[in-house]
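Model, not experiment: these values are computed from the prediction. Residue numbers begin at 1 in each chain, while the letters A, B, ... track the order of the sequences.
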Protein chains: 2
Amino acid sequence: MEQDSRLAGTVRPGGRTARVRAAVLEATQDELVLHGFHGLSMDAVAARAGVGKTTVYRRWTGAAGLVADLMTELADQSAAHANTGTIEEDLRANALSVLAAITDERLGATLQAVIAAATCDEEAAAALSTFYGRRIAEWGKSIDLAIQRGELPEGTDGHEVIRAISAPLYYRLLVTKEPVDKATAERSATRALVAARNGAFIG
Amino acid sequence: MEQDSRLAGTVRPGGRTARVRAAVLEATQDELVLHGFHGLSMDAVAARAGVGKTTVYRRWTGAAGLVADLMTELADQSAAHANTGTIEEDLRANALSVLAAITDERLGATLQAVIAAATCDEEAAAALSTFYGRRIAEWGKSIDLAIQRGELPEGTDGHEVIRAISAPLYYRLLVTKEPVDKATAERSATRALVAARNGAFIG
DNA sequence: CCCCTAATGGGTCTTTAGTTCCGTTAAGAT
DNA sequence: ATCTTAACGGAACTAAAGACCCATTAGGGG
């Protein structure tokens, strides 16, 4: 007894528990691709994962908790920043990696679901914030290296440059619903670079 | 009879019908402020609006339909572009108007709800797309005037400049969950202007 | 002012989401 | 290998969402 205070799955995390978690998160992604966040039901996820729905309700707080956990899982798989030797190519690589993420069927649907969940759930919002915070910090290193090489002015805010590249792509994806293609991504990288070279990101 | 093919509320749109619609859309906004899109129930909206829930189910397709209709309503209230005489001030005004919209309690909650709904509903996505399409076209005129005045290079894509100003604000609001304040808005306008002056928005 | 019927609203029914109970299975410590 | 109990899963239960029926109300044309 006296195990109520702990979350289920923390005392015996190996074996079955790990398999259940993997199956549930996989099933969650499948459901998100099919129905989006608004159509995500714990019941359907449990059925698809082949686990009892009691287990899903016990381990996760709700639909938002599921996608938040999914986001946390994806955060660990985040790739390192590019280092091609020129800032132009590094920023282009950054834009294309964002493009690849949001146009991938499973990953794109998952990202949109987490963003939708985060509009009304603190847990999902925190997971998103952490994920992108890390990603921005990681790719910001590319800008720091460029400053050292003399390609960009001293004092350029690398984090802001990275944000400036991603922003138009997410804006189109989420807000204006315009298509996001390779040309859009490359233009976004180029524009951020032009602004950065002209000192718009200092301070 | 033979009225099934028409949507309810189209034959006698005046008086009661208009009052019901206004009450329902008002109630929808209230509920969105309190619970967000994921927590929006037709039942609660009907109760708050003081109308029968049958009426809400008859006139709107679902939660997504409600927010889509709300967005359509807001689209008509969209303001004209600024014309201060300088492109710097016009773009600053644009950024500040976006800031005002997303930081307003009711309007901000509504926008986030429509964006969340649009991730998995075509109707909401179309309403969003139309709303921002109009807004971008309207404010794009500021850039055209600036080109005529010789403040920006010939061939600058005004729509893209406007998108570039809004994008970082929505990116922070929706994706990274960072605070959006006046300084952020003004920086966004400045950076877009620097890039535009240096020809990054030509073509 | 009256009439016709579009539109609303209360009440009821069905479906689905979410909870609880308790027996069963399998981690992982000894 | 054995034992303890964390964790799972089936089933029954409660609550809420959504659909439907039909009586009542009020637009708006005559």
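- Inspection of the A:Asp181 and A:Thr184 side chains reveals an N or O donor paired with an N or O acceptor under 3.5 Å.
- We find that CZ of B:Arg16 is positioned 5 Å from C1' of D:dT25, with the value rounded to whole Å.
- With A:Thr84 contributing its side chain and A:Thr86 its backbone, the two residues share a donor-acceptor pair below 3.5 Å.
- Taking side-chain N and O atoms only, B:Arg19 has a distance below 4.0 Å to OP1 or OP2 of D:dG27.
- Relative orientation of the B:Tyr170 and A:Tyr171 rings is tilted, given thresholds of 30° and 60° on the angle between their planes.
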What does the list of N/O pairs under 3.5 Å between the protein and nucleotides 18-22 of chain D look like, with a distance for each?
| unit_1 | atom_1 | unit_2 | atom_2 | d |
| --- | --- | --- | --- | --- |
| D:dG18 | OP2 | B:Tyr57 | OH | 3.2 |
| D:dG18 | O5' | B:Tyr57 | OH | 3.4 |
| D:dG18 | N7 | B:Lys53 | NZ | 3.1 |
| D:dG18 | O6 | B:Lys53 | NZ | 3.1 |
| D:dC20 | N4 | B:Thr54 | OG1 | 3.2 |

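- Checked against the 6.0 Å centroid threshold, B:Phe37 and A:Phe37 do not count as a close aromatic pair.
- A salt bridge is defined here as a Lys NZ or Arg NE, NH1 or NH2 lying under 4.0 Å from an Asp or Glu carboxylate O, and A:Arg163 with B:Glu178 meets this definition.
- Distance alone, capped at 3.5 Å, places no donor-acceptor pair between the B:Arg172 side chain and the B:Lys177 backbone.
- By the 6.0 Å contact criterion, CD on B:Glu105 is open, its count of non-hydrogen atoms from other residues, nucleotides or ligands being 12 or less.
- Over its full length, the helix from C:dC1-D:dG30 to C:dT30-D:dA1 turns its helical axis through 50°, comparing axes from the five pairs at each end and rounding to 10°.
- Across A:Val67, A:Val20, A:Asp69, a single residue satisfies side chain to side chain contact (heavy atoms under 4.5 Å, CB included) together with A:Leu25, and that is A:Asp69.
- The shortest distance between the side-chain N/O atoms of A:Arg21 and the OP1/OP2 oxygens of D:dA7 is not below 4.0 Å.
- Between A:Arg59 atom CZ and D:dA6 atom C1' the separation is 11 Å, expressed in whole Å.
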